[in-house]
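Structure record follows, encoded as structure tokens.
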Amino acid sequence: MKQDLLIYNTLSRQKELFKPVHEGHVGMYVCGPTVYGDGHLGHARPAITFDVVFRYLQHLGYKVRYVRNITDVGHLEHDADDGEDKIAKKARLEQLEPMEVAQYYTNRYHAAMDALGVLRPSIEPHASGHIIEQIELVKEILDKGLAYESNGSVYFDVNKYQEQTKQYGRLSGRVLEEMLSTTRELDGQEEKHNTADFALWKKAAPEHIMRWPSPWSNGFPGWHTECTAMGSKYLGDYFDIHGGGMDLIFPHHESEIAQKTAVCGHGPCKYWMHNNMITINGQKMGKSLGNFITLDEFFTGSHKDKDGNEMLAQPYSPMTIRFFILQAHYRGTVDFSNEALIAAEKGFARLTQAYHLFKNLQASKESSIDISGYRQKCYDAMNDDFNTPILIAHLFDLAKVINQVNDHHATLTQADIDEVKSIFDTFLFEILGMRDEATSDNSALIDGLMQMILDIRATAKTNKDWATSDKIRDSLGALGVVVKDGKDGATYELK
RNA sequence: GGUCACUUGGCCGAGCGGCUAGGCACAGGUCUGCAAAACCUGCUACUCCGGUUCGAAUCCGGAAGCGACCUCCA
């Protein structure tokens, strides 16, 4: 089935019809985590957003190479003049090897992403493993005359680049002249010819332990070189989609475009996609503000803010977090609140409970509801710049249909039942990547046991032995099994 | 200070000029031994002020509020 997919391109600030650079193939690069701390809710957003993009493109039949990097070097500490690597600083504090710290947090990141149902990318390159490629990139930019060496560091010459290309600021909508007049005074700027210039290579201070030899100094690569170098290496000089959080548009992605354009004469990709932020009390959740809640804290339900107040009313399962994020469009902000999370949890439970009804849904000769348009409506939602909230609304409509059939308020033919189930399988599980948390390896056994127990309870009810029937229900309830009496007997749900 | 977004019912959240999503919460009802679930019904909103239009939450102008970026950040 051919689907016309529209993607909002930050570069043009409008939705564009997606046409891959190479027919049938898609190259996608997404900025991954800096592994020097636990992932928080903000990290879940791009991971889940682009996971859905990845899944949907594959569903449409594209062969997708998805690259998401691990940043384990290069980003400077807050006091940028120290020239001290974030990883190195944390490592010294904890008396660990820098790479040990990076590995530790990489493992924890992977565990959290697995729990959230985020598929592993095709390639997950580490910045530290691509120092040579980054040095080569710096050399090329120097050869083009668009960078200069200064005291062992190398800086990108933004002014000169701008004279030649007029491209700087195109992605972020910035005007260079204005920036030059409004940029704040920063320490350690004396090496730069201009405040807008950015580092391609940084000379390491003596105490800096993460360092590599280069033609200019023992040091480390600049903030933006890894994505340019690794993107080119694995996806070529011009690939399809580059993604990341909106806060990376400037300076990170603007600089990436500058670096790539300096070398190739054009930017790295055709479509730039940016997810919006998650806010907490209306403010961006972020490291610098110290108002973030880690994913593990969500899963366990315990997080104290700086005043010692418990922020989480209860634990939230990974699927609740995922559903919460997917219920908003990726370009809008999402405000964290317990109320919204609980609503997401209940909403998703509604969908899974409806899904569980498929196995004992009775087919009829005729369908009283026309469900023929739903599959395409679901595609239409996804095709409109990955409008997952609309898709979910359609699934809720179908859940209602299922419940109506189950209550004999509506009828569906077997073919229509199969179609609805197929839509759920395709869109809820395959594309949105939701996982049915009630299913487990023991589900067949549990199912058998539960049928037996419910049988006994039905007998008790027939005998009007309410004491026994209530005892069974209460005991199961204590174990987290909800008994639901219906017209055609009882069913159960694992909580 | 500069640039760019956003402001929808009790809460979350779609919407891209007319038919006024969806979820959660709430209220009434059906079913039930009771409860829960499900189903039915109700609740009808677009920050403000102008303008364009037969018609605007939706387009244009202005105001207010809030946020992001300009500095590591998803």
Side-chain angles (χ1 to χ4, degrees), chain A residues 13 15 30-34 36-37 39-50 71 74-80 86 169 172-175 178-179 181-184 186 196 223 243-252 254 274-279 282-289 292 323-324 327-329 331-335 337-351 353-354 357 381 384 387-397 399-400 402-404 406-410 461 464-466 469-470 473-474 477 482-487 490-493:
Chain A
R13 295 181 191 276
K15 291 177 193 170
V30 174
C31 293
T34 304
Y36 73 108
H40 58 75
L41 190 58
H43 291 98
R45 177 94 119 136
I48 290 170
T49 297
F50 292 102
T71 297
H75 285 242
L76 301 175
E77 264 291 355
H78 194 88
D79 298 320
K86 277 178 179 173
S172 56
R174 257 157 244 274
V175 180
E178 285 176 359
M179 282 176 53
S181 58
T182 58
T183 304
R184 293 178 216 173
L186 289 170
W223 311 347
M246 271 185 185
D247 48 355
L248 295 179
I249 293 175
F250 192 89
H252 185 54
E254 194 70 64
H274 293 96
N275 62 273
N276 214 318
M277 303 291 105
I278 287 180
T279 60
Q283 249 196 341
K284 174 180 160 183
M285 185 180 285
K287 275 197 269 282
S288 52
L289 292 166
F292 62 90
F323 196 72
F324 170 68
Q327 263 194 303
H329 188 261
R331 283 191 286 112
T333 54
V334 173
D335 194 49
S337 72
N338 281 289
E339 212 176 353
L341 245 354
I342 289 168
E345 182 181 73
K346 289 185 180 174
F348 179 52
R350 185 174 162 83
L351 291 181
Q353 284 169 27
L357 293 175
D384 186 14
N387 199 326
T388 54
I390 293 288
L391 169 58
I392 288 170
H394 294 326
L395 294 176
F396 276 117
D397 287 346
K400 185 167 198 154
I402 296 164
N403 286 327
Q404 284 173 333
N406 189 54
D407 281 11
H408 309 301
H409 290 149
K461 285 181 70 172
K464 296 201 189 300
D465 180 4
W466 310 127
S469 75
D470 285 357
R473 186 176 64 196
D474 294 345
V482 182
V483 175
K484 302 194 284 193
D485 287 320
K487 280 198 182 106
T491 56
Y492 70 97
E493 196 77 43

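Note that the coordinates shown come from a computational prediction; the quantities given were computed from them, not determined experimentally. First the proteins, then the strands, lettered A, B, ... as listed; each starts at 1. These values consider heavy atoms only, across backbone and side chains, with no hydrogens, waters or symmetry-generated copies.
- Following rounding to the nearest Å, A:Gln353 (CD) and B:A38 (P) show an atom-to-atom distance of 6 Å.
- Proximity of A:Arg350 to the phosphate of B:A38: a side-chain N or O atom is located under 4.0 Å from OP1 or OP2.
- When the nucleotides B:C12, B:G33, B:A38 are ranked by their closest atom to the side chain of A:Asp407, B:A38 comes out on top.
- Nucleic acid contact class of A:Asn406 (heavy atoms, under 4.0 Å, all strands): none.
- For A:Gln283, no side-chain nitrogen or oxygen approaches OP1 or OP2 of B:C66 to under 4.0 Å.
- When the C1' atom is compared between B:U53 and B:C40, the two are found 40 Å apart, to the nearest whole Å.
- For A:Asn403 and B:C39, the shortest distance from a side-chain N or O to OP1 or OP2 is below 4.0 Å.
- When distances are taken from the side chain of A:Leu248 to each of B:C70, B:C73, B:G13, the shortest belongs to B:C73.
- Sequence order on RNA chain B of the closest nucleotides to A:Arg13 and A:Val482 puts A:Arg13 first from the 5' end.
- Atom CG in A:Asp485 sits about 16 Å away from atom C1' in B:C39, given to the nearest Å.
- Residue A:Trp466 places its side chain closer to B:G33 than to any other of B:A38, B:G33, B:C4.
- Here the separation of B:A63 from B:A25, taken at their C1' atoms, is 34 Å to the nearest Å.
- Taking each heavy atom of A:Lys484 and A:Gln353 in turn, the nearest pair found is NZ-OE1, 3.2 Å.
- Contact between the side-chain N/O atoms of A:Lys484 and the OP1/OP2 oxygens of B:U32 is not found at any separation under 4.0 Å.
- Looking at heavy-atom distances under 4.0 Å, A:Ile278 makes contact with a base.
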- Step by step, work out the salt bridge (Lys or Arg N to Asp or Glu O under 4.0 Å) result for A:Lys400 and A:Asp397. CA-CA 5 Å; A:Lys400 185 167 198 154; A:Asp397 287 346; over 6 Å; no
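- Only the C1' atoms considered, B:A57 is 15 Å distant from B:C19, to the nearest whole Å.
- The listed nucleotides are B:C39, B:G13, B:A68; the one nearest the side chain of A:Lys284 is B:A68.
- Distance, A:His43 NE2 to B:C73 P: 10 Å, rounded to whole Å.
- With hydrogens and angles ignored, the 3.5 Å screen pairs no side-chain donor or acceptor of A:His394 with any backbone N or O of A:Leu391.
- Atom CZ of residue A:Arg45 and atom CE of residue A:Met246 lie 8.5 Å apart, to the nearest 0.5 angstrom.
- When distances are taken from the side chain of A:Ala343 to each of B:G33, B:C70, B:G23, the shortest belongs to B:G23.
- Of all the heavy atoms in A:Ala381 and A:Ile390, the pair that sits closest is CB-CG2, 3.6 Å.
- The listed nucleotides are B:A37, B:C70, B:A25; the one nearest the side chain of A:Lys346 is B:A25.
- Summarising the geometry, atom NE2 belonging to A:His329 is positioned 7.0 Å from atom CG belonging to A:Asp384; distances are rounded to the nearest 0.5 Å.
- For A:Thr279 against B:G67, a side-chain-to-base donor-acceptor contact under 3.5 Å is absent.
- Distance A:Met246 CE to B:C70 P: 14 Å, rounded to the nearest Å.
- Ring geometry, A:Phe323 versus A:Phe396: the interplanar angle exceeds 60°, so the pair is classed perpendicular (tilted spans 30 to 60°).
- Looking only at distances, a side-chain donor or acceptor of A:Asn403 sits under 3.5 Å from a matching main-chain atom of A:Ala399.
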- Query: How does RNA chain B look in dot-bracket form if you count Watson-Crick and G-U pairs under 3.5 Å, write [ ] for pairs that cross, and put | where a base pairs with another strand?
  - Reply: ((((.(((.[[[..)..(...]]].(((((.......)))))....[[[[[..)....]]]]])).))))....
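- Put simply, the side chain of A:Asp470 and the base of B:G33 share a donor and an acceptor less than 3.5 Å apart.
- Which of B:A35, B:A25, B:C39 sits closest to the side chain of A:Arg473 comes down to B:A35.
- OP1 or OP2 of B:G15 sits under 4.0 Å from a side-chain N or O of A:Asn387.
- Counting non-hydrogen atoms under 4.0 angstrom, A:Gly42 reaches a base of the nucleic acid.
- In this structure, A:Arg331 atom CZ and B:A5 atom P are separated by 12 Å, rounded to whole Å.
- Rounded to a whole angstrom, the distance from the C1' atom of B:C34 to that of B:C66 is 50 Å.
- Comparing A:Asn276 and A:Glu339 along RNA chain B, the residue whose closest nucleotide (by nearest heavy atom) sits nearer the 5' end is A:Glu339.
- Comparing B:U20 with B:G62, their P atoms sit 33 Å apart, to the nearest whole Å.
- Rounded to the nearest Å, the gap between the C1' atom of B:U30 and that of B:G65 is 46 Å.
- Residue A:Asn275 contributes atom CG, which lies 18 Å from atom P of B:A5 at whole-angstrom precision.
- In the set B:C69, B:A21, B:G33, B:C69 carries the atom at the smallest distance from any side-chain atom of A:Asp247.
- Between the P atom of B:G67 and the CD1 atom of A:Ile249 lies a distance of 19 Å, rounded to the nearest Å.
- Between the side chain of A:Glu254 and the backbone N or O of A:Ser172, at least one donor-acceptor pair lies under 3.5 Å.
- In this structure, A:Arg331 and A:Asn276 approach most closely via the heavy-atom pair O-ND2, 2.8 Å.
- Looking at heavy-atom distances under 4.0 Å, A:Lys400 makes contact with sugar-phosphate atoms alone, never a base.
- Side chain of A:Val334, nearest nucleotide from B:C70, B:C24, B:G13: B:G13.
- If you take atom P in B:A21 and the same atom in B:G15, they sit 14 Å apart, rounded to whole Å.
- In this structure, the separation between CG on A:Leu41 and CD1 on A:Ile278 is 3.5 Å, given to the nearest 0.5 Å.
- Distance check on atom C1': B:C26 versus B:A64 gives 32 Å, rounded to whole Å.
- Distance from the side chain of A:His329 is smallest for B:A14 among the nucleotides B:C24, B:A14, B:C73.
- Rounded to whole Å, atom P of B:C31 lies 18 Å from atom CD of A:Gln404.
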